[in-house]
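Residue numbers start from 1 in every chain, and the chains themselves are labelled A, B, ... in the order their sequence lines are given, proteins ahead of strands.
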Amino acid sequence: MGPSIEISRLPKTTTQPYDLEGNPDDIIPEEKLPFDRFKLPPEEETAEEIRTVIAWAIDIPDARHTSIMLRWLKQHKLDEELGHLKRVRRKDGVTSLLLHPVSLTPSLPEFPQEVSMQSPYQVSVPASAALTPLSHELKNKLWPTIFAPPRKDQVDPWTRGKLRWACSAIEKLQAESSKAVAHGEFPIVAFVPPPHEISGVDFSESFTGFDTRQSTNHPLRHAVIDVIRQIAEFRANEGSSSTSLNAVEADSDDSDPIPDTSRSQNGSRYLLTGLTLFTTHEPCIMCSMALLHSRVKEVVYLRPMPSTGGCGGVACLPALKGVNHRFGILHWKNVTDQGLFSLSEDVDA
Amino acid sequence: MDSDQDKSEIHLKWMREAMNMVIGVFNFPIKNSSITQAEEAMQAGEVPVGCVFVRNAQIIARARNRTNQLRNATRHAELEAIDSILADPSLNPVVTEHPLSTTTLYVTVEPCIMCASALRQMGIQEVFYGCGNERFGGCGSVLGVNAHLDHPRHPAYKATGGYLREDAIMILRRFYITENTNAPIPKSKANRVLKTDILPSKLPQ
């Protein structure tokens with residue numbers, strides 16, 4: 001982009017009813033947060049929707065050996081995963097023990113000698129705890145699963161530190177949007193900072209995507225597509241040879257098979273996994289689906305696009321039945337300057 | 001005027017071209033395939049979806065899915081082809097809001113929601129596809145981005161499935177039954193049997 005403009009000349013666009021000064025670990029009360037969260041309908045409530053992982057399991061012919069096997073499990077630190085599932089299953093007189101995800105332990109250590117065992121086998125088990133009774137019932141059919149309904153008052157609490165992180169991203173959007181307009185482009189900007197929480201996502205860069213439809217005469221050069229491409233190139237250059245974008249199963253028996261381009265098993269290096277995308281305008285349907293394909297964690301936007309948007313405008317893609325990933329949607333409210341980000345309602349942002 | 005049967009023959013001809021973009025990967029004998037061995041090697045491990053864009057009875061672009069190669073989950077065949085069309089000035093003599101208004105797409109699998117929206121923004125004339133896409137389909141299977149949704153600027157377009165549908169399904173099944181060596185956790189598929197029975201389409205035709 002061209003010469004930087006003076007930030008101080010920008011109109012004051014955010015009013016902050018909350019105090020950004022203070023302990024960064026304080027939880028900000030939900031009603032004081034400057035955004036609305038979109039509520040998605042409950043998920044994993046049909047057998048097809050249940051997300052699964054492949055894990056080792058073994059049948060224990062003599063139930064008295066269960067405690068020996070549990071000690072063995074602990075000794076080899078194989079009990080540190082799959083905490084959302086019951087470790088032992090008793091079904092039809094057979095006692096079975098859940099061991100470890102196959103992805104993390106391709107070959108198992110030797111079993112204790114005093115125990116006579118069948119061969120371990122692979123079993124498809126739920127990837128997370130059950131959030132609703134219906135989901136619990138379905139998941140229990142795969143493997144006994146913990147029931148953990150979300151507490152209504154504790155949906156993803158925001159700390160003051162996280163709010164500061166988000167406010168700084170919003171300021172970045174405002175500054176870059178003004179620059180884009182000065183260059184004759186649409187005021188649409190997408191920004192992906194390093195995540196606020198360190199959650200195993202190895203990501204220290206930030207990326208800014210621009211809309212270049214006007215200068216390139218290419219109707220699909222949207223800001224979200226631009227930032228996804230930048231992150232893809234960055235990660236490809238990191239040499240992540242193990243990253244695959246189509247480790248896919250199409251197990252549906254009687255339907256047309258589907259080109260699923262993604263699967264959470266691929267871990268944290270999967271494109272936008274664990275990342276929050278901030279954008280000036282609600283992404284269009286193309287961009288919203290591109291974000292779903294890329295496994296973004298959440299999308300924060302300033303301006304709703306009721307006629308073209310795919311995050312609650314004309315459609316809400318992560319709420320569709322059947323899609324294999326969901327992301328959070330936050331509408332940032334208190335951007336008071338109406339002139340900034342001005343965009344015709346019929347544009348796909 | 002062409003009869004309906006003649007038209008159907010024409011659509012099948014173009015759909016075979018779309019199919020040829022991915023079929024060589026599986027060592028099917030193909031006549032007149034444009035795929036080189038190098039391309040096949042790169043293509044290995046990609047979900048096999050191919051497409052051609054046709055204008056004035058000529059193919060102006062052909063492409064296939066490259067999400068693995070580019071490590072970018074959005075690089076579907078349709079978007080690859082659109083970029084190549086817009087990069088060629090001879091195919092875009094005048095700047096227009098809807099550069100594909102006289103262009104038809106033939107693609108082996110129903111465009112996903114992302115591509116269906118991209119095609120509408122490009123003003124595509126019409127779309128023909130092989131099999132439906134129950135998880136991501138944007139031309140009616142999951143969401144009707146092509147026509148059902150209103151858009152203030154971009155006209156709706158007609159999307160018709162079922163052309164070489166069984167071939168399209170079998171190509172995908174062959175892909176899914178093969179070890180995906182690009183996956184970090186290759187799953188043993190040794191016990192899998194390639195199913196050859198194909199149930200009737202549930203899609204509105």
Criterion side chain to side chain contact (heavy atoms under 4.5 Å, CB included) on Met114(B) and Ser288(A), from CA distance to verdict:
CA-CA 8 Å; Met114(B) 171 184 74; Ser288(A) 300; over 6 Å; no
Run the side chain to side chain contact (heavy atoms under 4.5 Å, CB included) check on Asn92(B) and His218(A) step by step: do they pass?
CA-CA 11 Å; Asn92(B) 307 279; His218(A) 191 317; over 6 Å; no
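Heavy atoms closer than 4.5 Å to chain B are found in both the backbone and the side chain of Arg229(A). Only the side chain of Leu320(A) has a heavy atom closer than 4.5 Å to any heavy atom of chain B. Contacts of Cys287(A) with chain B are absent, with no heavy-atom separation under 4.5 Å from either backbone or side chain.
Among residues 146-156 of chain B, the residues having any heavy atom closer than 4.5 Å to a heavy atom of chain A are, in sequence order, Leu149(B), Asp150(B), His151(B), Pro152(B), Arg153(B), His154(B). Of all residues spanning residues 310-318 of chain A, those with a heavy atom less than 4.5 Å away from chain B's heavy atoms are Val314(A), Ala315(A), Leu317(A), arranged by number.
Counting only heavy atoms from C-beta outward, the side chains of Met289(A) and Val145(B) never approach each other to under 4.5 Å. Counting only heavy atoms from C-beta outward, the side chains of Ile231(A) and Arg71(B) never approach each other to under 4.5 Å. Between Cys115(B) and Met286(A) the shortest side-chain heavy-atom distance does not fall below 4.5 Å. His293(A) places none of its side-chain heavy atoms less than 4.5 Å from the side chain of Arg75(B).
Each of Val347(A), Leu291(A), Val323(A), Asn217(A) has some count of heavy-atom pairs under 4.5 Å with chain B, and the biggest count is that of Asn217(A).
Residue pairs meeting the salt bridge (charged side-chain N to carboxylate O under 4.0 Å, His left out) criterion with at least one member in residues 273-286 of chain A: none, sequence neighbours excluded.
Applying the salt bridge (charged side-chain N to carboxylate O under 4.0 Å, His left out) criterion to Glu185(A), with sequence neighbours excluded, gives no partner residue.
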